[in-house]
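To start, the structure under review is shown below, and the notes come after it.
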Amino acid sequence: MHSEQRTALVRPRDEGGPAAATAVAHPNIALIKYWGKRDEQLFLPRTDSLSLTLDIFPTTTRVRLAPEAEQDAVTLNGSPATGEARRRIIAFLELVRERAGLSQRAVVDTENTVPTGAGLASSASGFAALAVAAAAAYGLDLDATALSRLARRGSGSASRSVFGGFAVWHAGRRTGTGTEADLSSYAEPVHAADLDPALVIAVVNAGPKAVSSREAMRRTVDTSPLYEPWAASSEDDLADMRAALRRGDLEAVGEITERNALGMHATMLAARPAVRYLSPATLTVLDSVLQLRRDGVPAYATMDAGPNVKVLCRRADAERVAEAVRGAAPGGSVHIAGPGQGARLLSGGGR
Ligand code: DP6
């Protein structure tokens, strides 16, 4: 897994003409969840989190500086971006321009390969790809740590997609805000013995979210009596997870993954008003995962801000796990992912 844990550093290359750069990044699935911010402006999380970057559903983003333009032009899968998606991308470009000391607008074209309506977050791969492409196009020479910090400002989980394989995102300093806090919160690769893991993704409902994860995490932190205990236990989960990864103990990695996710959902269920992302179909898939374990197949579930289930298992068991969850959620789609690479520049850069 070592090569997957490295990420390409951005070195701008001058191509002449208006600067342009294209980057690719993959989604990641958290095994130890990020749920709750302590600074919404800087995207500083309350707790450390740990994830596996996938090898499916890449996002490819091209950023071209447009010296003649008065506004940024943003397309997502060929259509002009609108609303909140557009606002977040432009806010991110403003941050990059401020760092680069440039005011030129940009043309941003993003292609997402997550099947439309799959209900899987694309903000992690999206902002990791945008961070790498925009940094290169605007001539910022950033190492992987700095890119991770930058990607964090688009979406917290994007900080982890800068790296391949397993990555931990440090919450950083627990007090204070501003530059020192910002500098202290970034992701980095985690060493793991060879687990040969797979994540089987069961898409049980492709509909839009009832509550955005941003709003849901805010409400949970503000109102859930279970939030602080979960945040404290998540620190223990992380320590246990690191040890399990070092040992290459897939069963332990899976057990910790599942308990951390169920605990996160418990915090939301106790929020006021409650946030419930898990649907009847989610529970049916969870039952099929329990049955797999009873049948001797190590398989463990995790869910994010939606009803879909990601099942961690050994690569050798992935087809069997996929078949079981397909049977449990017949209306949905099932995808098998392995560990993927970190975000990287495909071409271009430089002013
Ligand atoms: C449940 O990274 O999408 O997937 O930082 O507000 O953009 P923002 O949130 P986002 O939240 C991800 C939450 C999660 C858990 C995780 O990926 O760690």
Side-chain angles (χ1 to χ4, degrees), residues 7 9-10 12 25 28 30 32-51 63 72 84-106 123-124 126-163 167-190 212-224 227-228 230-232 234-235 238 267 342-343:
T7 198
L9 302 187
V10 173
N28 69 75
I32 303 290
K33 301 298 185 188
Y34 149 52
W35 195 251
K37 296 182 183 66
R38 73 174 184 79
D39 183 322
E40 295 208 353
Q41 198 67 31
L42 292 175
F43 288 77
L44 295 172
R46 293 281 303 256
T47 58
D48 298 337
S49 56
L50 185 146
S51 61
V63 176
D72 295 308
E84 183 64 5
R86 180 183 153 80
R87 190 198 64 73
R88 283 175 68 176
I89 290 169
I90 291 177
F92 190 84
L93 292 171
E94 286 298 344
L95 184 66
V96 173
R97 280 192 277 266
E98 194 184 300
R99 300 240 175 120
L102 292 173
S103 58
Q104 291 169 37
R105 306 289 118 174
S123 66
F127 280 102
L130 181 62
V132 172
Y138 279 96
L140 294 174
D141 190 5
L142 303 181
D143 65 14
T145 304
L147 282 171
S148 174
R149 288 177 37 235
L150 179 62
R152 191 196 82 219
R153 301 287 296 273
S155 183
S157 53
S159 65
R160 301 182 308 233
S161 275
V162 169
F163 298 96
V168 62
W169 170 24
H170 303 289
R173 290 167 57 114
R174 307 295 158 121
T175 53
T177 55
T179 311
E180 282 196 21
D182 175 41
L183 285 172
S184 68
S185 185
Y186 52 86
E188 63 182 355
V190 171
S212 74
S213 56
R214 193 155 300 186
E215 161 59 21
M217 62 174 88
R218 183 186 301 142
R219 192 190 300 172
T220 306
V221 172
D222 290 348
T223 70
S224 174
Y227 183 73
E228 292 302 339
W230 174 78
S234 206
E235 298 206 4
L238 180 65
T267 67

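- Checked by atom type and distance alone, the side chain of Tyr186 never pairs as donor or acceptor with a backbone atom of Ala144 at under 3.5 Å.
- With sequence neighbours left out, the side-chain hydrogen bond (donor to acceptor under 3.5 Å, both in side chains) criterion links Thr267 to no other residue.
- A salt bridge (charged side-chain N to carboxylate O under 4.0 Å, His left out) check over residues 146-158, counting only residues at least two apart or in different chains, returns the pairs Arg149-Asp182, Arg152-Asp182.
- For Glu98, there are no salt bridge (charged side-chain N to carboxylate O under 4.0 Å, His left out) partners two or more places apart in sequence or in a different chain.
- With hydrogens and angles disregarded, a donor-acceptor distance shorter than 3.5 Å links the side chain of Ser184 to the backbone of Ala181.
- Residue Thr47 holds its OG1 atom at 11.5 Å from NZ of Lys37, rounded to the nearest 0.5 Å.
- Closest non-hydrogen pair, Tyr138 versus Val63, comes out as CE1-CG1, 4.5 Å.
- Residues passing the ring pair (Phe, Tyr, Trp, His ring centres under 6.0 Å) test with Tyr34, sequence neighbours excluded: Trp169.
- Contact between Val96 and Ala134 at its shortest, heavy atoms only, is CG1-O, 3.8 Å.
- Scanning for salt bridge (charged side-chain N to carboxylate O under 4.0 Å, His left out) contacts around Arg97 gives Asp72, Glu94, with sequence neighbours left out.
- Remark: Gln41 CD is loosely packed, at most 12 non-hydrogen atoms of other residues, nucleotides or ligands lying under 6.0 Å away.
- Legend: residues meeting salt bridge (charged side-chain N to carboxylate O under 4.0 Å, His left out) with Arg46, ordered by chain and number and at least two apart, are Glu228.
- Nearest approach of Ala128 to Ala25, heavy atoms of both residues: CB-CB, 3.7 Å.
- For Thr220, the side-chain hydrogen bond (donor to acceptor under 3.5 Å, both in side chains) partners two or more places apart in sequence, or in a different chain, are Trp35.
- Annotation: the span from Leu95 atom CG to Ile90 atom CD1 amounts to 14.0 Å, rounded to 0.5 Å.
- Annotation for Pro45 and Arg38: closest pair O-CG, 3.9 Å, computed over non-hydrogen atoms.
- Partners of Ser123 by side-chain hydrogen bond (donor to acceptor under 3.5 Å, both in side chains), not counting sequence neighbours, listed by chain and number: Ser155.
- Asp222 has its side chain out of reach of Tyr227: every pair of non-hydrogen atoms, C-beta onward, lies at least 4.5 Å apart.
- Using a 4.5 Å cut-off on side-chain heavy atoms (C-beta onward), Ile32 and Asp48 make no contact.
- Panel note: side chain Ser185, backbone Leu44; no donor-acceptor pair is recorded below 3.5 Å.
- Not a single side-chain hydrogen bond (donor to acceptor under 3.5 Å, both in side chains) links Arg88 to another residue, sequence neighbours left out.
- Taking all atoms of both residues into account, the shortest heavy-atom contact from Ser51 to Asn28 is CB-OD1, 3.3 Å.
- Interatomic distance, CG of Leu93 versus CG of Leu102, reported as 12.0 Å (0.5 Å rounding).
- Here the closest heavy-atom approach between residue Ser159 and residue Ser148 is recorded as O-OG, 2.9 Å.
- Residues passing the salt bridge (charged side-chain N to carboxylate O under 4.0 Å, His left out) test with Glu215 are Arg218, Arg219, sequence neighbours excluded.
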